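Data block below; observations after.
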Amino acid sequence: MANTDTTYAQALAELEKILTQLRAENCDVDTLAERTRRAAELLRDCRSRLTRTEDELSQILAELEQATS
C-alpha cells in the first residue's frame, strides 16, 4: 500500500515521474515491473482518497441540505 504520509499531490507527482520514465526510450527493463507495481499502488491510493473525499462531501452536503430545510 502507498505511504499514508504521502499527499495526493505527491502521489500524482510520483505517478507522473514514473510515467515519464516508462515512456523514455532508455527505460530500464529490469525495473519495469517494479515501477508498474508502484504506479498501480499509487493509483489505488489516489482512487481511494478520491472516493473517501467524494463520500465525505456528499455527507456534508446532505447535512447542509437537511439543516436548511
Side-chain angles (χ1 to χ4, degrees):
M1 179 163 248
N3 182 352
T4 54
D5 293 335
T6 302
T7 67
Y8 182 81
Q10 291 169 327
L12 280 182
E14 187 176 347
L15 276 168
E16 289 175 6
K17 180 180 175 184
I18 291 170
L19 182 58
T20 298
Q21 292 169 343
L22 293 176
R23 287 181 172 164
E25 289 184 25
N26 61 346
C27 180
D28 183 7
V29 173
D30 295 327
T31 61
L32 182 60
E34 178 185 329
R35 287 183 182 150
T36 303
R37 190 174 301 112
R38 178 64 178 153
E41 183 179 277
L42 289 164
L43 282 169
R44 279 191 298 272
D45 184 52
C46 287
R47 284 181 181 153
S48 175
R49 289 171 190 244
L50 287 171
T51 299
R52 281 193 314 267
T53 300
E54 182 179 29
D55 292 345
E56 187 176 348
L57 289 174
S58 293
Q59 181 180 356
I60 292 168
L61 291 174
E63 290 170 1
L64 184 59
E65 179 83 20
Q66 288 177 348
T68 59
S69 295

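By convention here, the first residue in the shown sequence is residue 1. The structure presented is a predicted model; accordingly, all values stated were derived computationally and were not measured.
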- Task: Find out if a path of hydrophobic residues (ILVMFWY) with successive side-chain heavy-atom gaps under 4.5 Å connects L19 to L12.
- Result: no
- State plainly whether the residues E41 and R38 are in salt-bridge range, i.e. N to O under 4.0 Å. yes
- Item | Minimum heavy-atom distance L15-A39, with the two atoms named | CD2-O, 3.5 Å
- With sequence neighbours left out, what residues match R47 under side-chain contact (heavy atoms from CB on, under 4.5 Å)? none
- Task: To the nearest 0.5 angstrom, please state how far the CD atom of E16 sits from the CD1 atom of I18.
- Result: 11.0 Å
- Message: Among T53, D45, T51, which residue satisfies the side chain to side chain donor-acceptor pair (under 3.5 Å) criterion with R49?
- Response: D45
Please tabulate, one pair per line, all N/O donor-acceptor pairs under 3.5 Å involving side-chain atoms of residues 57-69, not counting sequence neighbours.
residue, atom, partner, partner atom, Å
S58, OG, E54, O, 3.0
Q59, NE2, E63, OE2, 3.2
T68, OG1, L64, O, 3.1
T68, OG1, E65, O, 3.1
S69, OG, E65, O, 2.7

- Query: Do S48 and R44 pass the side chain to side chain donor-acceptor pair (under 3.5 Å) test, and can you show the C-alpha distance, the side-chain angles, and the key distance before you say yes or no?
  - Reply: CA-CA 6 Å; S48 175; R44 279 191 298 272; over 6 Å; no
- Task: Could you note down all residue pairs passing salt bridge (Lys or Arg N to Asp or Glu O under 4.0 Å) where residues 22-37 supplies at least one of them, sequence neighbours left out?
- Result: none
- Measure across A11 and T6 and return the closest heavy-atom pair with its distance rounded to 0.1 Å. N-CG2, 3.6 Å
